[in-house]
Enquirer: 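Below is one structure. I have some questions about it.
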Number of protein chains: 2
Amino acid sequence: MPDKGPSNVQRAVQELRARIFSGDLAAGSDHLESELANLLEMSRTPVREAVLTLEGQGLLELRPRKGVRILPLSPDDMAEIYDVLTELESHAAERAAQLDHDDDDLADLARAIRDMDAAITGNDLDAWADADDRFHTELVRLGGNSRIEAIVAMMSDQVRRARTTTLFMRPLPTKSNEDHRTVYQAIREGDAATARETHRQHRQHAKSILVELLGKHRLRFL
Amino acid sequence: MPDKGPSNVQRAVQELRARIFSGDLAAGSDHLESELANLLEMSRTPVREAVLTLEGQGLLELRPRKGVRILPLSPDDMAEIYDVLTELESHAAERAAQLDHDDDDLADLARAIRDMDAAITGNDLDAWADADDRFHTELVRLGGNSRIEAIVAMMSDQVRRARTTTLFMRPLPTKSNEDHRTVYQAIREGDAATARETHRQHRQHAKSILVELLGKHRLRFL
DNA sequence: GCATTAATTAATGCATGCGCAAATAAATGC
DNA sequence: GCATTTATTTGCGCATGCATTAATTAATGC
């Protein structure tokens with residue numbers, strides 16, 4: 001008996017996501033349902049359902065007769081995404097500070113900060129990116145708003161997709177961890193205003209760095 | 001020949017949305033795919049696809065073997081939603097002010113405000129709700145961030161769903177239009193800080209009113 | 001040779017049916 | 001009578017096939 005594990009739809013969602021992230025399914029490219037179906041070795045039905053889901057997540061677009069198009073991300077798109085992240089994450093930071101979490105709750109956040117330090121010391125880009133993700137995810141979780149979590153996760157996905165390219169265009173942001181520490185401390189001390197504002201500026205800064213970088217390299221899309 | 005209009009999936013999405021909003025499909029109720037299928041007089045396939053879409057919009061939940069559950073909205077959910085709206089709309093207001101729109105661009109906004117005045121004068125709840133929706137939608141549009149538009153639209157949907165109940169629990173918010181005017185003026189004059197802060201407080205106020213109202217009426221969900 | 005129309009091809013939307021697993025009911029052992 | 005096992009039902013996941021319609025190519029008129 002083969003396996004009864006995850007459904008084909010779930011596999012399709014995962015597989016397609018992975019291939020979009022890896023660039024295997026390139027941004028801007030079109031793909032017929034049948035093409036994806038026999039790529040994933042299943043019938044069109046679960047592929048269609050997976051594609052519907054991914055469309056809802058903003059990763060691709062359904063264009064009847066033309067196939068599904070993997071959505072490219074323009075610099076403008078990135079600016080939009082960063083603005084959403086800025087607003088929602090800084091709100092989460094504010095809330096996290098108000099909820100007076102104990103050190104136990106903040107353990108993961110602290111760990112992420114330490115890991116980023118280590119990654120910077122070791123000059124390990126991937127490790128840094130991973131820890132940075134964890135910091136932001138955890139921050140949002142501490143904010144306690146499940147809808148914000150979901151939206152931020154979706155937007156972060158897009159950023160991650162772009163980061164494959166952008167991460168190697170610049171040095172490690174060694175100063176960025178100062179902000180993380182400030183936010184962490186503010187949350188710990190219940191200083192909501194500082195948590196909010198610091199994180200806001202942190203994100204705004206990241207946005208301007210990125211937009212500038214994209215401009216400099218004349219990247220029209222990712 | 002019957003009609004070749006909108007696809008069955010689209011019809012299913014529309015129909016189901018309408019029935020959820022009208023309460024015909026009650027919050028918290030479960031429904032089998034086959035039940036919905038012959039309710040809408042089509043096969044399960046398009047219904048499944050529609051349901052997938054609506055799940056992505058947070059209106060229902062798929063629970064294999066138990067049917068699709070129409071998601072109830074608790075007071076906590078409403079609080080979450082209002083926080084998202086507060087952050088993203090006030091950002092949009094800020095941006096709208098920075099983009100120096102001319103009076104032409106702001107025409108719809110102005111009209112919505114006038115319509116709310118008229119509705120208050122005429123004590124017309126539905127007209128007020130409609131104009132209020134248009135104000136917020138238009139405000140966000142003027143902010144120029146398509147992702148924020150999409151997210152706000154989704155969240156507003158949920159609020160609208162709840163409003164069917166809540167609108168009749170309280171008098172018309174006659175003072176609310178003062179805020180709208182202030183925001184409008186700030187946008188017109190390019191005063192981003194005022195636009196942002198005024199709208200933020202406007203939304204926060206709306207949130208506390210609603211939460212209080214739900215508490216008073218002991219509503220566990222909508 | 002170009003434009004308009006007809007014929008062909010191809011991709012999708014959707015209905016249908018079947019196998020499987022979960023939920024429910026029945027049966028059996030103790 | 002209760003618990004555990006076995007039978008039955010039921011709802012879903014998915015493959016398959018067909019009709020519809022858009023896209024493409026061929027054909028025809030001028």
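Quick note on labels: first sequence line is chain A, next is B, and so on, each numbered from 1.
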Enquirer: To the nearest angstrom, how far is A/Arg65 atom CZ from D/dA22 atom P?
Expert: 7 Å
Enquirer: Give the nucleotide from the list C/dC20, C/dA15, D/dT20 with an atom nearest to the side chain of B/Met42.
Expert: C/dA15
Enquirer: A/His91: which residues meet the ring-ring contact (aromatic ring centres under 6.0 Å, His included) condition with it, sequence neighbours left out?
Expert: none
Enquirer: From CG of A/Asn8 over to P of D/dG13, roughly how many Å is that when rounded to an integer?
Expert: 11 Å
Enquirer: Should we say atom CD of B/Gln57 is surrounded by more than 12 heavy atoms from elsewhere, each under 6.0 Å from it?
Expert: yes
Enquirer: Look through every strand shown and name the nucleotide pairing with D/dT8 as Watson-Crick or G-U wobble, where both distances are under 3.5 Å.
Expert: C/dA23
Enquirer: Between C/dC14, D/dC12, D/dC14, which one does the side chain of B/Ser43 approach most closely?
Expert: C/dC14
Enquirer: Mark yes or no for a side-chain to base donor-acceptor pair under 3.5 Å between A/Arg44 and C/dG13, with no hydrogen or angle criteria applied.
Expert: yes
Enquirer: Are the charged groups of A/Arg141 and A/Asp108 less than 4.0 angstrom apart, N to O?
Expert: no
Enquirer: Return the value, rounded to whole Å, for the distance between atom CZ of B/Arg63 and atom P of D/dT10.
Expert: 20 Å
Enquirer: Roughly how many Å is it from NZ in A/Lys66 to P in C/dT9, rounded to a whole number?
Expert: 21 Å
Enquirer: Give the rounded distance in Å between these two atoms: CD of A/Glu49 and P of C/dC14.
Expert: 13 Å
Enquirer: Does A/Glu87 pair with A/Arg200 as a salt bridge, N-O distance under 4.0 Å?
Expert: yes
Enquirer: Tell me: CG of B/Asn38 to C1' of C/dA15, nearest whole Å?
Expert: 14 Å
Enquirer: Under the salt bridge (Lys or Arg N to Asp or Glu O under 4.0 Å) rule, what pairs show up with a residue in residues 49-59 of chain A, not counting sequence neighbours?
Expert: A/Glu49-B/Arg48
Enquirer: Tell me which of A/Pro64 and A/Val9 sits closer to the 5' end of DNA chain D, going by the nucleotide each one is nearest to.
Expert: A/Val9
Enquirer: Check every atom of D/dC14, D/dG13, C/dG13 against the side chain of B/Arg48 and return the nucleotide holding the closest atom.
Expert: D/dG13
Enquirer: Using only modelled atom types and a 3.5 angstrom limit, is any donor from either the side chain of B/Thr45 or the base of C/dA15 paired with an acceptor on the other?
Expert: yes
Enquirer: Whole-Å distance between D/dC12 C1' and B/Asp30 CG?
Expert: 15 Å
Enquirer: Measure CG/B/Leu36 against P/C/dA15 and give the value in whole Å, please.
Expert: 14 Å
